[in-house]
Chemist: 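Take this structure, written in structure tokens, and hold onto it; I'll ask about it next.
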Amino acid sequence: MNSKEVLKKFWGYDSFRPLQEEIINSILEKNNTLALLPTGGGKSICFQVPALMLDGLCIVISPLIALIKDQVEQLKKRGVKAAGLYSGMSNKERDIVYSNALYGDLKLLYVSPERLKTKAFRQNVDLLKISLLVIDEAHCISQWGHDFRPSYLDIKEIYPFIDSAPVIALTATATNKVIDDIASNLEFKNYNTYKSSFERTNLNYIIINEENKGQRLLNIINKVGGSGIIYTRSRRKTEKLNSWLSHRNINSIPYHAGMQKEERDKNQKIWINSDNYIMVATNAFGMGIDKPDVRFVIHIDLPDSPESYFQEAGRAGRDGKESWCILLYQDNDITETKAQLEKAFPSLSRIRDIYNALGNFFQIPIGNGVGTDYEFNLDNFCNNYSFSKGETYEAIKFLEKEELIKLYNPEEAFSKIKIILNHENLYRFQIENKKLDPIIKTLQRTYPGIHNDFINIQENTIGKKLNLTPEQTIQKLNLLKSYGIIHYTIRKKNTILIFEHDRIKASDVDIRKEHYQMIKKMRKEKLDEMIFFVSNNSNCRSQLLLSYFGEAEPALCNNCDFCRKRNNNKYILKEKDVINTVCNALVLKSISLHEITNLFPYDKEELVIQHIRKMIDDNIIDCDESLNLSIIKQ
């Protein structure tokens, strides 16, 4: 099959998006390739199609476990043989993946970057026929990227194991400096670069300095309508804002990493399947989400970087229809965000103290602990050692970047199960154990691949089909496990901490001072760029973003707040139109200023208020202390 036939068979599309076919052809011609496509530009297709066409196994390096799981599940639903390797899997699960890669017909193997250095991976990859190496989220390899990960620097160490297989690096957000760094760190010499314009002509970038964010939010939601996302900086603010909106009869639901996976999945499903729900979320929401009809994305807090803003705002309007990207800020937001950046960098000695306390907390002797799962409660840990949660969280993130420890939420996964008895012996067992026959049949019908691989399950789903409670279901599954019929692992409910290496003395924790200072300097520079973006009232917003990402001489968008003010004749309401509308509304009774402004498109609100002020000055209308307007009788 050619690339278009593969696209049609597995994805149902008749044609490629811009640059996809060129990138695929570059890979098929065995060229190293660097691809820069905006969020929603279809990066995955660029390597998944050639992976199915080439002889051998495609290895995909991806930084997020949740993204790996999502990609693998999506491919399986399309009938593509895919699997993932990442922290938190049992040895048995990993052995099965390696076995399928070596002896099965696996086509794509997703791997977290930390997995590349393990002895098991090196031993197995040396036996595999690698057709393609994919580096997703390639900006993570650059120290100047907004999400630098040291483990990405080790990718080139597996080059000797992949022979002449081509390498493709993909990212959605990268400046020219980052692009050069990616190519250098991957040791690309001769390679093809494909860069799509980041311009989104259907998006309206609106930046508003607003003291009353709540009222402005309601105005936007009521006037724009449809599905939307509101981004906040914290879990607490997410819950608080969602509750505030719900009490005002707005269809809103929350999403943040502190919620149980079942609740997050439920909320995400409600949002995706509706056309008028609002997701109130931290930046934990959005990766891998492709809802086309998002009419607005609102930031009520200042993002840390233009990359973060562009990626999150870019989740609006993927269907090509007009959509709104609105950022609400107050002057003190800038001061607070700068202060938060300082708090994000505990001193090096404090980071060592927290590492040492983690070892004591879990009673890990020096020279032990590598690879063991420890259930971790941040509140208990901080209370025990009198650490603040903020500095502890940031210290742990830094220790993760130094690859000393790893945190993950097992509630992102399900319980796992695999039938290990062959069909003949299983059938004999079912005949001899009639009471367990129904649950075995239910497992086989519900999870077709359960004989070949570990399957993610939910006990309540199985229980409902058998009229069992979750507790009764778990009891029967444990009974099957005790008989040697299945492998069964119940998911843990707490955050898990893993020591990536045996515990060492705090004084031996080698946190490179120059690396620490470089990251802090880079984060400050990106925040300064973000502050410049929101504070600049003299340039087109789209031009500012596109210039930041290295596009030469981008055109005015004619959609952003700057362009709307600039094109007065096109966007300013005539005074007589405002007077007529206001007077007609006030003929019978007085009306609040908020109700009056709701009669006009929300992006013209400032102009409407200017005209209303003039009407008050001209004694046409009156405004009381409660901001109620009424006509002055002549």
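Throughout, numbering of the chain's residues begins at 1 and tracks the sequence.
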Chemist: Under 3.5 Å, is there a donor-acceptor pair between the N536 and N539 side chains?
Modeler: yes
Chemist: Would the distance check show the side chain of N559 and the main-chain N or O of T201 forming a donor-acceptor pair, the cut-off being under 3.5 Å?
Modeler: yes
Chemist: S243 and S246: side-chain donor and acceptor closer than 3.5 Å?
Modeler: no
Chemist: For the residue pair F310 and F549, is the inter-centroid distance of their aromatic rings smaller than 6.0 Å?
Modeler: yes
Chemist: Should the heavy atoms of other residues, nucleotides or ligands under 6.0 Å from CZ of R613 be counted, would the total exceed 12?
Modeler: no
Chemist: From R200 CZ over to F198 CZ, what is the distance, rounded to the nearest 0.5 angstrom?
Modeler: 11.5 Å
Chemist: Could you walk me through whether R523 and D528 pass the salt bridge (Lys or Arg N to Asp or Glu O under 4.0 Å) check?
Modeler: CA-CA 9 Å; R523 288 270 299 273; D528 287 343; over 6 Å; no
Chemist: Decide whether T238 and T282 meet the rule of one side-chain donor and one side-chain acceptor closer than 3.5 Å.
Modeler: no
Chemist: For the residue pair Q215 / E210, report whether a side-chain donor-acceptor contact shorter than 3.5 Å exists.
Modeler: no
Chemist: For a quick test of reading the model, state the closest non-hydrogen atom pair linking D333 to L328 and the distance between them.
Modeler: OD2-O, 4.3 Å
Chemist: Establish, from distance only, whether the side-chain atoms of Y548 and E307 form a donor-acceptor pair under 3.5 Å.
Modeler: yes
Chemist: I'd like to know if the side chain of S252 pairs up with that of N242 as donor and acceptor (distance under 3.5 Å, no hydrogens or angles considered).
Modeler: yes
Chemist: Does atom NZ of K389 have more than 12 heavy-atom neighbours from other groups under 6.0 Å away?
Modeler: no
Chemist: Examine the side chains of T337 and Q340 and answer whether a donor and an acceptor come within less than 3.5 Å of each other.
Modeler: no
Chemist: Any chance you could measure C583, atom SG, to M615, atom CE, to the nearest 0.5 Å?
Modeler: 4.0 Å
Chemist: Would you find more than 12 non-hydrogen atoms of other residues, nucleotides or ligands less than 6.0 Å from K343 atom NZ?
Modeler: no
Chemist: Where do L37 and S196 come nearest, in terms of heavy atoms and distance?
Modeler: CD2-CB, 3.6 Å
Chemist: Between atom OG of S197 and atom CG of L36, what is the distance when rounded to the nearest 0.5 Å?
Modeler: 11.5 Å
Chemist: Is K321 close to R295 at the side-chain level, that is, under 4.5 Å between some pair of heavy atoms?
Modeler: yes
Chemist: Under 3.5 Å, is there a donor on one side chain and an acceptor on the other for R235 and Y255?
Modeler: no
Chemist: C560 and C557: which non-hydrogen atoms are nearest, and at how many Å?
Modeler: N-SG, 3.2 Å
Chemist: So which heavy atom on Q330 is nearest to which on K213, and how close?
Modeler: CG-CE, 3.8 Å
Chemist: Within a radius of less than 6.0 Å around OH of Y393, do more than 12 heavy atoms belonging to other residues, nucleotides or ligands occur?
Modeler: no
Chemist: Under 6.0 Å between the ring centres of F398 and Y516?
Modeler: yes
Chemist: Taking all atoms of both residues into account, what is the closest heavy-atom pair of K223 and T597, and its distance?
Modeler: NZ-O, 2.7 Å
Chemist: So, do F285 and W271 have ring centers that fall under 6.0 Å from each other?
Modeler: yes
Chemist: For residues H139 and D181, is any side-chain donor paired with an opposing acceptor at under 3.5 Å?
Modeler: no
Chemist: Identify each donor-acceptor pair in which a side-chain atom of residues 620-627 lies under 3.5 Å from a protein atom, sequence neighbours left out, and give them as a table.
Modeler:
from : atom 1 : to   : atom 2 : distance (Å)
D624 : OD1    : S626 : N      : 2.9
D624 : OD1    : L627 : N      : 3.1
D624 : OD1    : N628 : N      : 2.9

Chemist: Is any side-chain heavy atom of Q543 closer than 4.5 Å to a side-chain heavy atom of P554?
Modeler: yes
Chemist: Just how far is it from atom OH of Y309 to atom CZ of R541, taken to the nearest 0.5 Å?
Modeler: 8.5 Å
Chemist: Quick one: do the R564 and N558 side chains pair a donor with an acceptor below 3.5 Å?
Modeler: no
